[in-house]
Structures are given as structure tokens and as C-alpha cells.
Amino acid sequence: MDHFLYRDGVLHAEDVPLPEIAAQVGTPFYCYSVATLTRHYRLFDEALAGTDHLICYAMKANSNLAVVKLMGDLGAGVDVVSGGEYLKARAAGIPGEWIVFSGVGKTRDEMRLALAGGIRQFNVESEPEMAALNEVALAMGVVAPITVRVNPDVDAQTHEKIATGKSENKFGIPIAKARAVYAHAATLPGLRVVGIDVHIGSQLTSLEPFEAAYTKVADLTRALRADGHRIDRLDLGGGLGIPYERSNAAPPLPLEYGQMIRRVLGDLGCEIEIEPGRLIAGNAGILVSRVIYLKEGEGRNFLILDAAMNDLVRPAMYAAHHDIVPLIEPAPGVEQAPFDVVGPVCESGDTFAKSRMLPPLAEGDLVAFRSAGAYGAVMASEYNTRPLVPEVLVKGDHVAVIRARPSFDEMINRDTIPLWL
Ligand SMILES: *Cc1c(COP(=O)(O)O)cnc(C)c1O
């Protein structure tokens, strides 16, 4: 459920007609709903009610300062995957003790940054990383709290670029080696083991792979405790999928996910951490774009928009589907026709949809890509020297630009021509 609905024939973000925002801000732009973001956070919080838990919002899904601050205000911690995200989380007011640090390639500089500023835990992904973190912590005279991310060799049944829990993926240490790795960690005085971490992928549409992975984590918890380790915390990662196509069967709900977590892990007495990103932000955002041209091709018609792959890369990168709807509600029963929906970028990959059935549209009309709040703006670039797409936040009838579109002067002045050229 989201808060982008037609009212009196016009698509609204909460109480605000989206064409009004388009007139103010220009197109393309992203628009997020506070009510939807809040609702999605609460669904997870309620799903784990009665269990000691922390929801660590995976801010790589949408790292706008305002969105991260909202999550913090709701009571969330944050999962970060870079020093930049760590600093941004802190700037959004998230205390270090609520930040978990994931990622296979944390540098020593990033480790120092987080240890100096405060950190809940590092999710360590390899033995070389463990050695480096131990060194850095000892040099700073502190002890780094860690979990080890295990790779359970489970097929997440999702797009290959966002599956992370198979043995051929670069993530985590093979679960079969976990006992040896924990034994080694226990000998390193700069580290303190606090738990286990697992994250098997993104946009999962079934609970089965999660359950397979969490069952292995439960077994590992018992084995590690028998080996004398303190396992107080289980970080179960993110990955619960969202319905990108309204017509498809809906993925499991956070409530069902929470019930499964309790059933599989409830008797271990561990604090549960989860790291949802997409489910919180995905359907809480849309990308609004204007039709530049309708172009008749041979045997197909192109709808050319002012948004492009640099603004929303998911279709080009993951062959992802986004529902596309006009901002002015089509009359009921109006005849639809197939369009290839494309952007202006000079690549054939700049195609949002092929043969998409759409109601009649004309030059200047506005459309919205639904489910664009996660892995949208954060993956945008200035390819083709197109300005980074702006972001707008709506709460009731409040509207704010939470990232402005850069001017062409700003963009041009970021480059320098050397004096010797
Ligand atoms: C990407 C990622 C997440 C979030 O995944 P979603 O599918 O957006 O919920 C959580 N944890 C880690 C370690 C990640 O890399």
C-alpha cells in the first residue's frame, strides 16, 4: 500500500497534486511520501513486537538525509556500506551505537572513521578484513564489536545481480568455515564477537530461501555457543521483496516474515536485527517525468520521456519492471496501445519498457514510474551531462525539495582545466 492515489482524476502524493509539484520543481523529479515510509517501517517493527529487535534501515536503498532522519526519528538504526554512508547517517542524527557497517571492502580509513565516531557492530566478511580491523582497533586502543557475515549457500531465487547468498558470490565467509573463523576471531584482542550476520540477496519474493538460511544460522548459533562464543545478536540482513507489478502475486508481508523469524530463531534468546531497504523505501517513492515526443517507428511507437537511464537505472541494469501511469487519470475503459518507453540518452539500453500498454498520451503529458523510491535516486548519475534528478518529500500537504537539481554552472564548474593544458 502507498499514498500515491488518484483524487478527482489527478495523481496525488498524500494531499498534494503531483502536477503542482511538477510545475514548481520541473521534471523529472523523485517524490517520496512520509506516510508510506512510516507505515513500512512500522510494519517491520510490529512484525517483531515482543522480540528484542532493532530495524537497521539499509540506507543504500535511499540515502537522502531527510529519509534517513525520518527513519531515526521512528526508532530505526541504520545499515551502512561505506564511510560516506556512515557520515551521512551521523549527519542525519543517527547515533553511532545504532549503526551497523556492512560490505566486503571496508578500508582501514572507513574502519577508523566508524571506530572514532561510534559503531554498533562491523559485519565482517573475510579473514583479511578481520585482521585489518583488529590492527586498526588495537592501534586506536579500542575494541571493535563484530559479527561475521556467513554465506549460507542458499539460492535467493532473485535477479543474479542482487543474489548474495550463493557460494559463488563475493559475500561473507562460507558457513562451513564459520567455526574456524570464529575460533580465530576469539584470539584477536582488538575484536569482540557479538553475533552472526547473514544477508542472502534483495527482492526476494518467497520466504523459503530466508528460512533455509536462518535455519542454518540457528544451527550455527548453537554450535558456536558450544564452542564457547557469546552469540547475543543475529543480524538477518534485508531483502524482502516488493510488488513492482500490481498484477503479480504479492510477495510475503513483513508480518509473515516476522512470524517465520520467531519460529526459526525465537528460542535462541538473541536480539534480532534486520536490515530492510527496498521494502521501506521502494513503494514510498515515484519518479515523475514529462513526455517530450511521441515517435512512430517501424512497427512500433516510441514514447520519449525527459527521464532517462541516468535517473532510474533499474530497467537497464536489472531488466526491472516499473508500472508507468499518467498523472491525469485515464477515463475508464479507454483503449490502450503498446509503446516502447525510452529516455533521451544515447544508448539503446535507455529503454524503460518495451511494448508497454498505455492509455493515450500526448507531448507535454506527465507520467509517474511507480515503486521508484529504492535504488532510484541513489543510483542516478549525470551521464550525458544531465543534471542529477531532484528529490521531493511530501507529508500531508507539506512539500519540500530535499535535494535540489544542480544548475548547469554548478555541474560545469566541478571540472577543472589544468593551467598547463
Ligand atoms: C542491500 C543490502 C540490504 C538491503 O536489501 P533490501 O533488498 O533493500 O532490503 C541489507 N543488508 C545488506 C548487507 C545489503 O547489502
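Order of listing sets the numbers, starting from 1, for every ligand and every atom in it. Residue indices begin at 1 and follow the sequence shown.
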**Report entry** Side-chain donor-acceptor pair present, Asn151, Asn169, cut-off under 3.5 Å
**Finding:** no
Query raised in the report: Taking the six-membered ring for Trp, are Tyr86 and Phe101 parallel (under 30°), tilted (30 to 60°) or perpendicular (over 60°)?
Result: parallel
Report task. Mark the output for Asp79 as yes if a heavy-atom distance to ligand 1 is under 4.0 Å, and as no if none is. Result -> yes
Query - Heteroatom distance test (Val81, ligand 1): nitrogen or oxygen, under 3.5 angstrom - result: no
Query raised in the report: So is Gly201 polar-close to ligand 1, meaning N/O to N/O under 3.5 Å?
Result: no
Query raised in the report: Below 4.0 angstrom, N of the basic side chain to O of the carboxylate: do Glu271 and Arg233 qualify?
Result: yes
Query raised in the report: Side chain, backbone, both or neither: which part of Glu275 comes within less than 4.0 Å of ligand 1 when only heavy atoms are counted?
Result: both
Report summary line: For Ser102, the ligand 1 atoms with a heavy-atom partner under 4.0 Å come out as 13 (C)
Query raised in the report: Relative to the heavy atoms of Ala58, which atoms of ligand 1 are at a distance of less than 4.0 Å?
Result: 3 (C), 4 (C), 10 (C)
**Report entry** Distance filter under 4.0 Å to Pro276 heavy atoms, resulting ligand 1 atoms
**Finding:** 9 (O)
Query raised in the report: Quick one: are Val67 and Tyr57 in side-chain contact, heavy atoms under 4.5 Å?
Result: yes
Requested in this report: For the pair Glu85 and Arg90, find out whether any cationic side-chain nitrogen is under 4.0 Å from an anionic carboxylate oxygen.
Outcome: no
**Report entry** Flag side-chain contact, heavy atom, 4.5 Å: Arg370 against Phe4
**Finding:** yes
Query raised in the report: For ligand 1, does Ser202 get within less than 4.0 Å through its side chain, its backbone, both, or neither, judged by non-hydrogen atoms?
Result: both
Report task. Assess Ala374 for proximity to ligand 1: is some non-hydrogen atom of it under 4.0 Å away? Result -> no
Query raised in the report: Can you check whether Leu253's main-chain N or O pairs, donor with acceptor, with Glu256's side chain at less than 3.5 Å?
Result: yes
Query raised in the report: Do Leu303 and Val342 have side-chain heavy atoms sitting under 4.5 Å apart?
Result: no
Report task. Assess Phe171 for proximity to ligand 1: is some non-hydrogen atom of it under 4.0 Å away? Result -> no
Requested in this report: Indicate whether the side chain of Gln121 and that of Glu273 have a donor and an acceptor atom separated by less than 3.5 Å.
Outcome: yes
Query raised in the report: Looking only at protein heavy atoms, which one is nearest to atom 14 (C) of ligand 1, and how far off is it?
Result: Lys60 NZ, 2.8 Å
Report summary line: min-distance protein heavy atom vs atom 8 (O) of ligand 1 -> Tyr375 OH, 2.5 Å
**Report entry** Distance filter under 4.0 Å to Gly277 heavy atoms, resulting ligand 1 atoms
**Finding:** 6 (P), 8 (O), 9 (O)
